[in-house]
Participant: 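Here it is, the structure in full.
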Number of protein chains: 2
Amino acid sequence: MPPVEGPDFELIELLFFAYRDFVGEPDRLLEKHGFGRAHHRVLHFVNRNEGLTVAELLEILEITKQSLARVLKDLVSGEFIEQRAGTEDRRQRRLYLTERGRDLAEALVGMQGRRIARAIAKADPAARPVIARFLAELIDPQRPASPVPESA
Amino acid sequence: MPPVEGPDFELIELLFFAYRDFVGEPDRLLEKHGFGRAHHRVLHFVNRNEGLTVAELLEILEITKQSLARVLKDLVSGEFIEQRAGTEDRRQRRLYLTERGRDLAEALVGMQGRRIARAIAKADPAARPVIARFLAELIDPQRPASPVPESA
DNA sequence: GAAATTATGTCAATGTTGTTGACATATTTC
DNA sequence: GAAATATGTCAACAACATTGACATAATTTC
């Protein structure tokens, strides 16, 4: 009989520790604004997908509108995010970053981007596509391929 | 001038979605016992490092003893984890899994292990070491290399 | 054009998991 | 015996998630 491989404890734990530090560094910057991880996610996906609707953001984040409302209120009242009624459908509240919002979002993505760039450089720069594929395969298959919905 | 690469949005987001689903599947099993992610982490690291002390577990998890106490109480009263006084130092409460605890821990690690095995198989089985290295490099450097403290 | 549906917002209650601060107990070390 | 250590516990609080109910404005449908 071929040996039965047990669970890959090493990768399971590396994923835990890696993710913790990956979000831990941004956490410290967010704290200075009184924000948390939930604010980070909103800033990130609005930055990546400017003008998206509230419904689209809820789909990406997979949280309830009540959860989103709380952090969105902080971000709007702090003038990091702006809401504008949709031109076609004026019920929609499309989300845009202000200058402050863009600055913060870019500082956060800069931290995470540099951490990833460093890690890839040390691991093997040629392996980036394989790493991307690995992470993509970790995601539940029935999910829509891209986090970027068509919302023009 | 060489082009300045921006942050790697793709990997940043893949890490977010991958981690969410990676812990989301275990979440659904834990729920049946009335447990959450915090319980999962404790079960996992006790399984991996049986007989470890409370202090060692706190160092791995980087949480306060009050946070640990809550979930540990659930796990002990539900007979998933057993505490035994250390033989050398009887102030210590060393942690062990019961049979139920081991069953649950193994079911959880099985889910995560299979997900990782599938993802590696689809990405490139030969790339496992590079992926491990990448994740390891994502971790803050000043951290002790291995999650397994010497506690014999 | 009235009725139904949709997009969004909001109020209230609740649960999990984290925090800080203070204090108690048992055991070991000096 | 006094001090330090390992652990536990009480209380208050914060962040972020949930469910359920209801409100408003705009769009779509009949």
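Note that these values count all heavy atoms, side chains included, but never hydrogens, waters or copies made by symmetry. Chain letters run A, B, ... following the sequence lines, proteins first and then strands; every chain starts at 1.
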Participant: Find which nucleotide of DNA chain C each of B/Ala38 and A/Lys65 is nearest to by heavy atoms, and output the residue with the more 5' nucleotide.
Facilitator: A/Lys65
Participant: With a sphere of 6.0 Å drawn around CD of B/Glu79, does it hold more than 12 non-hydrogen atoms of other residues, nucleotides or ligands?
Facilitator: no
Participant: Need to verify one output field. Residue with the more 5' nearest nucleotide on DNA chain C, A/Leu72 or A/Arg91?
Facilitator: A/Arg91
Participant: It should be established whether B/Thr64 places a side-chain nitrogen or oxygen under 4.0 Å from OP1 or OP2 of nucleotide C/dG18.
Facilitator: no
Participant: Determine the contact category for B/Glu88: base if any of its heavy atoms lies under 4.0 Å from a base atom, sugar-phosphate if only primed atoms, P, OP1 or OP2 are that close, otherwise nothing.
Facilitator: sugar-phosphate
Participant: Any idea which of C/dT8, C/dT17, D/dC16 is nearest the A/Ala55 side chain?
Facilitator: C/dT8
Participant: The side chain of A/Ser67 lies closest to which of these nucleotides: D/dT18, C/dG9, D/dC16?
Facilitator: D/dT18
Participant: Any donor-acceptor pair under 3.5 Å joining the side chain of A/Arg90 to the base of D/dA25?
Facilitator: no
Participant: Tell me: CD of B/Gln66 to P of D/dA12, nearest whole Å?
Facilitator: 15 Å
Participant: Can you tell me if the side-chain N/O atoms of A/Arg41 get under 4.0 Å from OP1 or OP2 in D/dA17?
Facilitator: yes
Participant: From C/dT8, D/dT9, D/dT7, pick the nucleotide closest to the side chain of B/Gln92?
Facilitator: D/dT7
Participant: Can you find a heavy atom in the side chain of B/Glu13 that is under 4.5 Å from one in the side chain of A/Phe45?
Facilitator: yes
